[in-house]
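I have placed the structure first, in the form of structure tokens, so that the comments after it can refer back to it.
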Amino acid sequence: MRIVRMILAPILLFLNWITTPRGVKRPVDLQQQIDQQTAGLSLYQFKACPFCIKVRRCFKRHSLKVETRDAKNDEKIRQELLEQGGKIKVPCLRIEENDKVEWLYDSNAIVEYLQGRFANQA
Ligand SMILES: N[C@@H](CCC(=O)N[C@@H](CS)C(=O)NCC(=O)O)C(=O)O
């Protein structure tokens with residue numbers, strides 16, 4: 001399984017790289033407003049996880065600047081995810097808004113959340 005993953009990971013990353021979606025272009029002031037909103041978001045992820053790639057492509061498509069945090073290699077980040085999110089499962093979107101923090105698991109739920117919040121702000 002580990003070997004399959006080692007072979008698949010670079011292929012997935014390459015395919016993602018050559019088919020990266022074009023980001024939506026917004027007027028500068030609107031993009032700044034969006035950037036302020038996305039400053040409260042961070043994605044706990046593994047670089048080559050296909051579900052994480054799906055979420056990162058959604059960021060790209062909607063031109064969302066979201067910090068990504070490596071829950072595979074960074075022990076501090078991994079512990080944060082486990083202790084505060086509740087489990088080691090990626091992708092997980094940490095949403096900080098009005099001093100409240102929510103941990104959203106599952107790529108479909110994350111994409112749905114991002115589309116609901118940002119897709120109509122073109
Ligand atoms: N249905 C989930 C699947 C997520 C999933 O299976 N993630 C794997 C990585 S690709 C994971 O977190 N595994 C836990 C681990 O490897 O410790 C989603 O769409 O987000």
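In listed order, ligands and their atoms are each counted from 1.
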#### Entry: Salt-bridge present (Glu102, Lys100; N to O < 4.0 Å)
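Between Lys100 and Glu102 there is no salt bridge, as every charged N stays at least 4.0 Å from the carboxylate O atoms.
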### Query
Are the charged groups of Glu80 and Arg94 less than 4.0 angstrom apart, N to O?
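Salt bridge: no.
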### Task
Decide whether Val55 and Tyr113 are clustered together by the hydrophobic rule: side chain heavy atoms of Ile, Leu, Val, Met, Phe, Trp, Tyr closer than 4.5 Å, transitively.
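Yes, Val55 connects to Tyr113 through the hydrophobic network.
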### Query
Under a 4.5 Å side-chain heavy-atom rule over Ile, Leu, Val, Met, Phe, Trp and Tyr, are Ile34 and Phe59 clustered together?
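The answer is yes; both residues are in one hydrophobic cluster.
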### Message
With a 4.0 Å heavy-atom cut-off, what residues sit around ligand 1?
### Response
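Around ligand 1, where the cutoff is 4.0 Å for heavy atoms, the contacting residues are Phe46, Cys49, Phe51, Ile88, Lys89, Val90, Pro91, Asp106, Ser107.
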### Query
Can you list the residues that meet the side chain to side chain contact (heavy atoms under 4.5 Å, CB included) rule with Leu15, with sequence neighbours excluded?
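Counting only residues at least two positions away or on another chain, Leu15 forms a side chain to side chain contact (heavy atoms under 4.5 Å, CB included) with Ile11, Ile18.
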### Message
Out of the candidates Gln32, Gln37, Gln31, only one should pair with Asp35 under the side-chain hydrogen bond (donor to acceptor under 3.5 Å, both in side chains) rule; please name it.
### Response
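When side-chain hydrogen bond (donor to acceptor under 3.5 Å, both in side chains) is applied between Asp35 and each of Gln32, Gln37, Gln31, only Gln31 qualifies.
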